[in-house]
2 protein chains.
Amino acid sequence: MTVSKTAEKSSEKPADTAKGRKDAAEAQPEALQLGELSEQLGYILKRAQLKVFENFLRCMASLQLTPAQFSVLLLVEKNPGRNQTEIASTLGILRPNFVAMLDNLESRDLCARIRSTNDRRSHILVLTDKGKAVLARAKKLVATKHEARLNDLLGQANREALIAMLSKVANEF
Amino acid sequence: MTVSKTAEKSSEKPADTAKGRKDAAEAQPEALQLGELSEQLGYILKRAQLKVFENFLRCMASLQLTPAQFSVLLLVEKNPGRNQTEIASTLGILRPNFVAMLDNLESRDLCARIRSTNDRRSHILVLTDKGKAVLARAKKLVATKHEARLNDLLGQANREALIAMLSKVANEF
DNA sequence: GATATTTGATATGGTCCATAACAATTATCA
DNA sequence: TGATAATTGTTATGGACCATATCAAATATC
């Protein structure tokens, strides 16, 4: 389905620099027909997902949190005392790829790895005080600037219906 | 929001090999609490998108078409006589990245680049006969095996509502 | 006709995802 | 108990996808 993440650079200049144009009569850029593409589930899903992630990053610019990082902080907060493998696998992150991610969060003093006394192989993950504070601010930004945008766009009822249907697709498709 | 594409390997073995467990009483894997994550738009969107792409690839296994390749074939069919830049930009693909993609499709004799006589810089894209035939079969597979699955899951009305809302998000978020 | 722009292409780097392999630690069980 | 298997975090590595700079050929602009 394609749809890159190039984002806002839709080059809103008149685009009058098209080619096939002799008179001043036909000056349209002759937009392409999307055709059946505009009803393809995967195509629309990916476009929507890219737009949502873009907006998320803009809303979180002041905290410098990516969607993935935000999800890690949320999950660690809700599940204290879990190790890397448990957190990573719940999020669908492979353990090897989770290492660098945690290195990042830990270097920013947002979370910490603690050697478990029960099983000295594993690292228990916890949020630092700063991590808790940042997550609290992040939640507010997400709620007021990000999720609220869905209400403005779809309305409360439709927003809930959308989330419900997407969950169903994510779980049962 | 994370959610890798590791797919089906959810390791459905009893997972009884957990740690904190002395008696046979408490043998649950103690699933993590998703908490607010399960209502995060981006998280669910990405999960749903990965599932849909997975299913798309399975449905198209016999034709070896990725979602991106399918979208290119669809767009070229609906817009004959367009060049690489036009097709690529409509799909949100950057021109440099579109080259290898076309090399692939052309090597499989699904589409062809034709030097334009009007503007000898550009390559007009067309589907080959084989490309048209493959696309026709692909459409049928997508309709019967892929998109039909949404109806089975949500019902016709909800399916249309979901597509409409996702389009709105993709265009106006 | 000199300069700028466009098109397809190459080279390159970044990010994310996936697999193999390893040391340290723990579990299994003969 | 002790040999073997499994688990945890980690490193190394490769692939797929995305983005930028740059280039030659062709065209547009002035």
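On a predicted model such as this, the values are computed, not experimentally measured, just so you know. Just so it is clear: chains get the letters A, B, ... in the order the sequence lines come, proteins before strands, and each one is counted from 1.
For the helix from C:dG1-D:dC30 to C:dA30-D:dT1, the angle separating the two terminal helix axes comes to 20°, with each axis derived from five pairs and the value rounded to 10°.
Contact check, B:Arg120 against D:dA26: a side-chain N or O comes under 4.0 Å of OP1 or OP2. Here A:Arg113 reaches the OP1 or OP2 of D:dT10: one of its side-chain N or O atoms lies under 4.0 Å away. Between B:Thr85 and C:dG8 there is a side-chain polar atom (N or O) within less than 4.0 angstrom of OP1 or OP2.
Taking the side chain of B:Asn97 as heavy atoms from C-beta on, and the options C:dT7, D:dT10, D:dA19, the nearest nucleotide is D:dA19.
Looking at residues two or more places apart in sequence or on another chain, you find a salt bridge (charged side-chain N to carboxylate O under 4.0 Å, His left out) between A:Arg121 and A:Asp119. Applying the salt bridge (charged side-chain N to carboxylate O under 4.0 Å, His left out) rule to A:Asp109 yields no partners; only residues at least two apart in sequence or on another chain are considered. Legend: residues meeting side-chain contact (heavy atoms from CB on, under 4.5 Å) with B:Thr85, ordered by chain and number and at least two apart, are B:Asn83, B:Arg95. Residues passing the salt bridge (charged side-chain N to carboxylate O under 4.0 Å, His left out) test with A:Arg159 are A:Glu147, sequence neighbours excluded. Not counting sequence neighbours, the partners of B:Glu36 by the side-chain contact (heavy atoms from CB on, under 4.5 Å) test are A:Leu74, A:Glu77, A:Lys78, A:Lys139.
When ring centroids are compared, A:Phe56 and A:Phe70 come within the 6.0 Å threshold.
Two residues, A:His123 and B:Arg121, neighbour DNA chain D, and the one matched to the more 5' nucleotide by heavy-atom proximity is A:His123. If you find the closest nucleotide of DNA chain C to A:Ser116 and to A:Pro96, the one lying nearer the 5' end belongs to A:Pro96.
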